[in-house]
Amino acid sequence: MDRGSKPAVLVTGGAGYIGAHTAKALHEQGYLPVVYDNLSSGFRQAVRWGPLVQGDIRDAAALGEAMAAHKVQAVIHFAGLIEVGRSTVKPDLFWEVNVAGTTSLLQVMREHKVERLVFSSSAAVYGQGARSAQQSIAEDAEKAPSSPYGDTKLAAEWMIAAQCRAYGLAAVALRYFNAAGADPSGLIGEAHDPETHLIPLAIAAALGEGKPLTVFGQDFQTPDGTCLRDYIHVSDLARAHVAALGIELRAGAFEAVNVGTGEGRSVMQVVDAVAKAAGCQVPHSVGARRAGDPPSLVADPSLARDLLGWTPRHSSLQEIVADALRWETRPAYGKGVRASSGRGSSPFTSSAD
Ligand code: UFG
């Protein structure tokens, strides 16, 4: 890609958690992030490093206008639904937004001759399958999604790969393990509504702001009986997107790459890390397993290192939890801030609302 003139990158879902951190990383590396987001779960205040175009991923006309108006050269596609539990009760909606939405985006990219894509995929494409809880996951591991959410990410990957072959698009799908933490600036961080992720819920419990934490199962075949996950600092994850944009890829190439650390941490290790950082106990009890939770999801991150030249820098559990705690103690948005927030907090004005 031509780096001479601040190339514009369309960041769908760029007002969300990982999207906003990636927009910041793009800005820092000399790109112009053009955020395309319908603000259904993202935050206007998270768009600080480029313009915001307010629109839905299924709206082909609005996507096309955004690509033309900003002379977009590449797309990073985050926009989609992410709640695993909700996907089990509304699978049709997940297919419509995550799969049909991606179809619409690819069509518009083709019309506008935008030939480079980074797709936000997930370790949810693997599920547990026949893998033991001790095994880390390489990209060619069995795919056995345990939720409709994971199904839609895998289906979207397949469709993108087929369109690469058919139309000469070049794409990288990044399969995220557990994104966590926050940018140390305090400007952006994790703000989901409702929040279902372990680290923010454990912090809220420790600070007395939320309910005591329920540990979902302590009878898994893992060292302490609780689930193992591979927590990756969101700033490291953001850098992986910029790296994926920058590598040489021939027309028609499709690569799927794990983004994780290779280290599994149990739910109880996270609880202990939060207690240590907060300087107080995390009130918790052990409850039943949550439907669809694989016992272990830990990346083999070799390909990310070899193909993207990427390794994590900020993903020790201590650093992740410290940055998450700083954000949760003083979030710039979320936690009811959304309702009272107006425009004007971004240095850029919206070009489409
Ligand atoms: N957990 C609890 N109690 C809670 C919340 C979570 O014990 O109140 C446990 C879960 O059972 C799991 C671990 O904490 O073992 C992490 O759960 P999260 O909800 O934070 O994250 P998930 O692993 O379920 O899912 C996340 C993303 C998915 C992605 C997956 C890939 O939300 O999109 O990581 O690893 F697919």
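- No side-chain heavy atom of Val35 sits under 4.5 Å from any side-chain heavy atom of Trp49.
- The hydrophobic cluster analysis finds Val89 isolated: no Ile, Leu, Val, Met, Phe, Trp or Tyr side chain comes under 4.5 Å of it, directly or through other members.
- Side-chain polar atoms of Arg175 and Tyr126 form a donor-acceptor pair below 3.5 angstrom.
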Would you give me the side-chain donor-acceptor pairs under 3.5 Å for residues 96-104, sequence neighbours excluded?
from	atom 1	to	atom 2	distance (Å)
Glu96	OE2	Arg58	NH1	2.6
Asn98	OD1	Leu81	N	2.8
Asn98	ND2	Leu81	O	3.1
Asn98	ND2	Thr152	OG1	3.2
Thr102	OG1	His77	NE2	3.0
Thr102	OG1	Asn98	O	2.6
Thr103	OG1	Val99	O	2.9
Ser104	OG	Ile57	O	3.0

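- Put simply, the side chain of Arg131 gets close to the backbone of Ser296: a donor and an acceptor are under 3.5 Å apart.
- When the options Thr214, Val271, Val267, Leu201 are evaluated for a side chain to side chain contact (heavy atoms under 4.5 Å, CB included) with His284, the one that passes is Val271.
- Each of Leu63, Leu52, Val75, Val11 was compared with Tyr36 under the side chain to side chain contact (heavy atoms under 4.5 Å, CB included) criterion, and only Leu63 meets it.
- Asp183 places a side-chain N or O within 3.5 Å of a backbone atom of Ser185 that can act as its donor or acceptor partner.
- No donor-acceptor pair closer than 3.5 Å links the side chain of Asp300 to the backbone N or O of Ser136.
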Under 3.5 Å, sequence neighbours excluded: what are the donor-acceptor pairs made by side chains of residues 285-292?
from	atom 1	to	atom 2	distance (Å)
Arg289	NE	Asp219	OD1	3.0
Arg289	NH2	Asp219	O	3.0
Arg290	NE	Asp293	OD1	3.3
Arg290	NE	Asp293	OD2	3.2
Arg290	NH2	Asp293	OD1	3.3

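- Expressed to the nearest 0.5 Å, how far CG of Leu105 lies from CG of Leu117 amounts to 6.5 Å.
- By the 6.0 Å and 45° rule, Arg265 does not stack over the aromatic ring of Tyr231.
- Ring pair Tyr17/His192 is perpendicular by interplanar angle, where above 60° counts as perpendicular and below 30° as parallel.
- In terms of modelled atom types and a separation under 3.5 Å, the side chain of Thr12 and the main chain of Phe78 share a donor-acceptor contact.
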